[in-house]
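Notes to accompany the following structure.
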Amino acid sequence: MDTDDPVAFLTIDDGATRDPKMADVLKEAGVPATFFLTDQYVREDADFFRRLRDATGSQIENHTLDHPDLKSQSADEQRRQICATSDNYEEEFGRRPTLLRPPYGSFDDDTLRAAAECGTTHVVHWSAEIANGKIQFAAGDRLRAGDIVLMHFREQFREDVDRFVEEAEKSGLEPALLEDYLT
Ligand SMILES: [Zn+2]
C-alpha cells in the first residue's frame with residue numbers, strides 16, 4: 001500500500017494450523033499482524049484466535065466462509081461468502097471486519113461490490129510471500145515501505161515470522177498493523 005512511513009505489514013491467512021506457541025512467537029518478535037481467517041477454521045476454535053488477537057495486538061479480518069475462488073462464483077454466492085463471514089466475526093469477536101482478502105487473490109467486480117455492501121472498506125492483496133522460512137518478492141529483492149507480506153498459519157510459524165522480522169530489519173522497516181493505515 002502507499003505510504004512514505006518506513007513500515008511493513010504482516011498478514012497471516014486461513015487458520016488451518018493452530019498452536020498456543022504462536023502467541024509467544026508474535027509477542028517475542030514484537031509483531032502485530034492482520035489475520036485473514038477463513039470462517040471454517042474460526043468455527044473449529046474461535047477462542048484460539050480471540051486469545052491470539054488479544055495477546056498480540058493483532059486484528060481479525062475476512063477471508064470468506066470456506067475459501068472458494070470468488071471469481072468463479074455467482075454474485076449471490078460471493079455476497080454470502082463475504083457477508084456471512086463478516087456477520088459471524090462481528091458476533092464472535094465484537095468487531096466487524098473492515099478488510100477482505102479474496103482467496104488466491106482472485107476477484108472481480110461482483111467481489112468489490114459485495115465487499116462494500118458487507119461493510120469492508122478495502123480489498124487487500126500482497127507484495128511478498130513467506131513460506132518455509134523463505135521469502136518471495138513480487139518485484140525486486142527486498143521489502144519496501146508499505147509492503148504487505150503474506151504467510152499462513154502453518155507448522156513453520158516461527159521460521160516464517162522470524163523471516164519477516166529479518167527482512168524488515170534488513171530494509172530498515174518497522175512492523176506495523178495494516179488497520180492503522182487502511183482506515
Ligand atoms: Zn487463503
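Nothing here was measured: the structure is a model prediction, and the numbers come from that model. One-based numbering, in listed order, for ligands and for the atoms of each. Reckoned from all heavy atoms, side chains included, excluding hydrogens, waters and symmetry mates.
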_Only N/O/S atoms count here: what is the atom of Asp14 closest to the Zn ion (ligand 1) called?_
OD1
*asked:* So that I can check it, does any N, O or S atom in His152 come closer than 2.8 Å to the Zn ion (ligand 1)?
replied: no
*Flag yes if more than 12 heavy atoms outside Tyr41 fall under 6.0 Å of its OH atom; otherwise flag no.*
no
*Is there a donor-acceptor pair under 3.5 Å between the side chain of Gln78 and the backbone N or O of Leu70?*
yes
*asked:* So that I can check it, does any N, O or S atom in Asp13 come closer than 2.8 Å to the Zn ion (ligand 1)?
replied: no
*Look at Glu117 together with Arg79 and state whether they make a salt bridge at an N to O cut-off of under 4.0 Å.*
yes
*asked:* Do the side chains of Arg96 and Glu61 get close enough for a salt bridge, i.e. N-O under 4.0 angstrom?
replied: no
*Restricting to N/O/S, name the atom of His63 that gets closest to the Zn ion (ligand 1).*
NE2
